[in-house]
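Protein chains get the first letters and strands the later ones, always in sequence-line order, with residue 1 at the start of each. Quantities reported herein were computed from a predicted structural model and do not represent experimental measurements.
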There are 2 protein chains.
Amino acid sequence: MGVTKSHEFGVKENQLAKYAKALAHPARVAILNLLAKRKACICGDIVDELPLSQSTVSQHLKELKEAGLIKGDIEGAKVCYCIDEKEWKAAQVQLNKFFDNLQSGAKCC
Amino acid sequence: MGVTKSHEFGVKENQLAKYAKALAHPARVAILNLLAKRKACICGDIVDELPLSQSTVSQHLKELKEAGLIKGDIEGAKVCYCIDEKEWKAAQVQLNKFFDNLQSGAKCC
DNA sequence: AAAATTAATCGTAATATCACGATATAATTA
DNA sequence: TAATTATATCGTGATATTACGATTAATTTT
């Protein structure tokens, strides 16, 4: 982002932005859909499902993990990724709270 | 994003990613909070509330407008920004559908 | 009409993101 | 043990984002 001023904003705004950022690319949305529907969770299978290289998928998985939305379990040579249900629900609740804040009534313009 | 492959993904994934991207910066979250709570809607007032320059705020407003979440009404020399309630609710519904897709039950890892 | 206010846009610098191939590392199989 | 398989990481190029000051264009005020 180039010299971002994230630190000038509150914890809540940053937390919400962090979740949103994790969802801000269709590949990551697609990955989360696969995990959510348990159609695939082994890294290699996810790679097979997407039109991206192994290294790119690995990078997206890393971002999702850093946002806290998924976790990776090492199973021998393979890695099984799963949605972190607790964080997942926390993200949903936080996003909903944000959207519910819309105050209807007298329009200002 | 450099040579992004968004087009390789479905309309739904891209739509969701578009909304998420709009929320992916704390400044835009802050702006939406101001609009939602009707604390400010005149561009200049929004600028006064944020630790960013006028041109930067204007750029963020443009992105929110392009995502469809807000609209701007010209009022003489000033511009009043408002949340587009229809699109706002559409975004909330779509995000919720996405989060609700999580299938619980037997863990895969 | 001239000066001031308001907001968008332009140009640009710094940094982040996306994507890939190549390589490294670790586990499995032959 | 050697070869194979699975995944992460490194290095890099292309593009996007964030931020700002300066400028522009349009209104409003003086």
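Taking atom NZ of A:K21 as the reference point, atom P of C:dA16 lies 9 Å away to the nearest angstrom. Taking atom NZ of residue A:K5 and atom P of nucleotide C:dA16, one finds them 16 Å apart after rounding to whole Å. The nearest whole Å value for the distance from the NZ atom in A:K18 to the P atom in C:dT17 is 14 Å. Between A:H25 atom NE2 and D:dT15 atom C1' there is a gap of 12 Å when expressed in whole angstrom units. Put simply, CG on B:L52 is 11 Å from P on D:dT18, counting in whole angstrom units. Protein atom CG of B:L64 is 13 Å distant from nucleotide atom P of D:dT17, rounded to whole Å. Atom CD1 of A:I74 and atom C1' of C:dA26 are 9 Å apart (whole Å). At whole-Å resolution of the value, CG in A:L50 and P in C:dA19 are 10 Å apart.
A side chain to side chain contact (heavy atoms under 4.5 Å, CB included) with A:E49 is found for exactly one of A:N33, A:I31, A:L34, namely A:L34.
When the side chains of ILVMFWY residues are joined at heavy-atom separations under 4.5 Å, either directly or via intervening members, A:I42 and A:I70 end up in two distinct hydrophobic clusters. With hydrophobic clusters built from ILVMFWY side chains whose heavy atoms lie under 4.5 angstrom apart, B:L50 does not share a cluster with A:V11.
Taking the six-membered ring where tryptophan is involved, the planes of B:W88 and A:F98 are tilted, since the angle between them lies from 30° to 60°.
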- For each nucleotide in nucleotides 3-10 of chain C, reading 5' to 3', give B when a protein heavy atom comes within less than 4.0 Å of its base, S when such contact involves only the sugar-phosphate, and - otherwise. ---SBBB-
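Mapping A:R28 and A:G76 onto DNA chain C via the closest heavy atom, the residue that lands nearer the 5' end is A:R28.
A:E87 places no side-chain N or O within 3.5 Å of a backbone atom of A:D84 that could act as its donor or acceptor partner.
Nearest to the side-chain atoms of B:E63 among the listed nucleotides D:dC20, D:dT18, C:dC18 stands D:dT18.
Put simply, NZ on B:K39 and CD1 on B:I46 are 13.0 Å apart, with the number rounded to the nearest 0.5 Å.
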